Q: 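My structure is below; once you've seen it, I'll send some questions.
These values consider heavy atoms only, across backbone and side chains, with no hydrogens, waters or symmetry-generated copies. Note that the structure is a prediction, hence the values are computed from the model and not measured. All residue numbers refer to positions in the sequence shown, counting from 1.
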Amino acid sequence: MTAATTDTLELFRQSGALLEGHFKLSSGLHSDRYLQSALVLQYPEFASTLGALLAERLRHLDPTVVLSPALGGIVIGQETARALGVRAIFAERQEGRLALRRGFSLSPNDRVVVIEDVITTGGSTRETVDVATAAGATVVGAGAIINRGKNESTLGLPFAALVNMDVPAYQPESCPMCAKGEPVVKPGSRA
Ligand SMILES: [Zn+2]
């Protein structure tokens, strides 16, 4: 485990954002751990620390702007951009598709890094990359606080994550917590 990973997990623990129990993930799989990024990012000093850690990993790509998908990527995108000394902009859904709004623009001179809080399948990162490319900019890399998938190999871009979650996830029928009759919780839903 890298120092950045240890530091990151410690911030999640301190802010109650590392949940342990029996969770139903958005993929439908069950897991005994869940990282709730919004809970760590609610503390600006922690958000700033995580942004600086991501910036260290991406600075060599010489980005000129950070682009994040709304809403989850905005806070960490802002803090990563602050540490890099570049602009932070975001893409948001308009009629179901991510788009630049609010007067945000990219130029052919822009070197974009796409920043998200959590990357699982890479779908929203790819969609954000497409927004930047369609605007004429060059995407030079991507980053996330948490990588829950195998995204370094599938994105086709330099990719940095502070934590690579190697947490087992189970189909409900083979879930050991289900077998013990433990009630399953959907993280983020109102308990
Ligand atoms: Zn289960």
Side-chain angles (χ1 to χ4, degrees), residues 1-58 66 68-84 88 90 113-125 128 141-155 159-191:
M1 205 179 273
T2 68
T5 300
T6 309
D7 293 351
T8 300
L9 288 175
E10 182 53 32
L11 294 185
F12 273 77
R13 261 185 217 106
Q14 281 182 33
S15 46
L18 174 54
L19 311 180
E20 291 174 279
H22 181 195
F23 303 104
K24 182 181 183 181
L25 308 177
S26 53
S27 59
L29 299 178
H30 292 192
S31 178
D32 64 355
R33 261 179 287 171
Y34 187 79
L35 295 172
Q36 182 60 269
S37 298
L39 289 180
V40 68
L41 294 171
Q42 73 182 308
Y43 300 105
E45 70 274 28
F46 290 176
S48 174
T49 299
L50 295 174
L53 289 170
L54 268 178
E56 268 174 40
R57 306 274 302 276
L58 297 164
V66 168
S68 298
L71 281 164
I74 292 179
V75 173
I76 187 61
Q78 174 86 15
E79 293 300 330
T80 304
R82 186 200 304 278
L84 289 168
F90 56 87
V113 288
V114 172
I115 298 291
E116 281 196 87
D117 56 348
V118 181
I119 178 167
T120 304
T121 62
S124 81
T125 294
T128 310
I145 305 170
I146 310 293
N147 176 18
R148 294 197 65 111
K150 302 279 179 233
N151 297 291
E152 52 287 275
S153 55
T154 58
L155 278 176
F159 176 73
L162 299 180
V163 177
N164 287 295
M165 285 286 280
D166 203 9
V167 173
Y170 308 97
Q171 297 291 344
E173 53 273 22
S174 56
C175 171
M177 287 86 74
C178 282
K180 282 189 257 173
E182 292 174 14
V184 67
V185 173
K186 195 162 187 295
S189 60
R190 288 165 209 226

Q: Just distance, no hydrogens or angles: give the donor-acceptor pairs under 3.5 Å from side chains in residues 74-81, sequence neighbours left out.
A:
residue: E79; atom: OE1; partner: R82; partner atom: NE; Å: 3.0
residue: E79; atom: OE2; partner: R82; partner atom: NH2; Å: 3.0
residue: T80; atom: OG1; partner: I76; partner atom: O; Å: 2.7

Q: Side chain of R33, backbone of L19: donor and acceptor closer than 3.5 Å?
A: no
Q: So how far is it from L41 CG to S48 OG, rounded to the nearest 0.5 Å?
A: 11.0 Å
Q: Measuring from I119:CD1 to T125:OG1, what's the distance to the nearest 0.5 Å?
A: 3.5 Å
Q: For the residue pair E116 and S68, confirm or rule out a side-chain donor-acceptor distance under 3.5 Å.
A: no
Q: Measure across A161 and N164 and return the closest heavy-atom pair with its distance rounded to 0.1 Å.
A: CB-OD1, 4.0 Å
Q: I need the L11 CG to S37 OG distance, nearest 0.5 Å.
A: 11.5 Å
Q: Rounded to the nearest 0.5 Å, how far does CD1 of I145 lie from CD1 of I115?
A: 9.0 Å
Q: By the salt bridge (charged side-chain N to carboxylate O under 4.0 Å, His left out) test, which pairs, at least two apart or in different chains, include something from residues 41-51?
A: none
Q: Considering only heavy atoms from C-beta outward, does the side chain of L50 approach that of T8 to under 4.5 Å?
A: yes
Q: What do the steps show when you test L25 against R148 for side-chain contact (heavy atoms from CB on, under 4.5 Å), and what is the final call?
A: CA-CA 11 Å; L25 308 177; R148 294 197 65 111; 3.5 Å; yes
Q: Mind jotting down which residue pairs meet the salt bridge (charged side-chain N to carboxylate O under 4.0 Å, His left out) criterion with at least one end in residues 5-14? Sequence neighbours excluded, please.
A: E10-R13
Q: Would you mind reporting whether Y170 and P176 have side-chain heavy atoms less than 4.5 Å apart?
A: yes
Q: Name all residues meeting the ring-ring contact (aromatic ring centres under 6.0 Å, His included) criterion together with F46; count only those two or more places apart in sequence or in a different chain, and write none if there are none.
A: Y43
Q: What is the distance from atom CZ of F12 to atom CG of L39, rounded to the nearest 0.5 Å?
A: 9.0 Å
Q: Does M177 form a side-chain contact (heavy atoms from CB on, under 4.5 Å) with V184? I'd like the steps, not just the answer.
A: CA-CA 8 Å; M177 287 86 74; V184 67; over 6 Å; no
Q: Indicate the ring-plane relationship of H30 and H22, choosing parallel, tilted or perpendicular according to the 30° and 60° boundaries.
A: perpendicular
Q: Who are the salt bridge (Lys or Arg N to Asp or Glu O under 4.0 Å) partners of E182, not counting sequence neighbours?
A: K180
Q: Could you tell me whether the side chain of I146 reaches within less than 4.5 Å of the side chain of D117, counting heavy atoms only?
A: no
Q: Find the distance between CD (E20) and OG (S31) and round it off to the nearest 0.5 Å.
A: 10.0 Å
Q: Which atom pair, heavy atoms only, marks the closest approach of A17 to V40?
A: CB-N, 3.9 Å
Q: Answer yes or no: are there more than 12 heavy-atom neighbours, outside L71 itself, under 6.0 Å from its atom CG?
A: no
Q: Kindly write out the residues that satisfy side chain to side chain donor-acceptor pair (under 3.5 Å) with T5, not counting sequence neighbours, or none if the list is empty.
A: T2
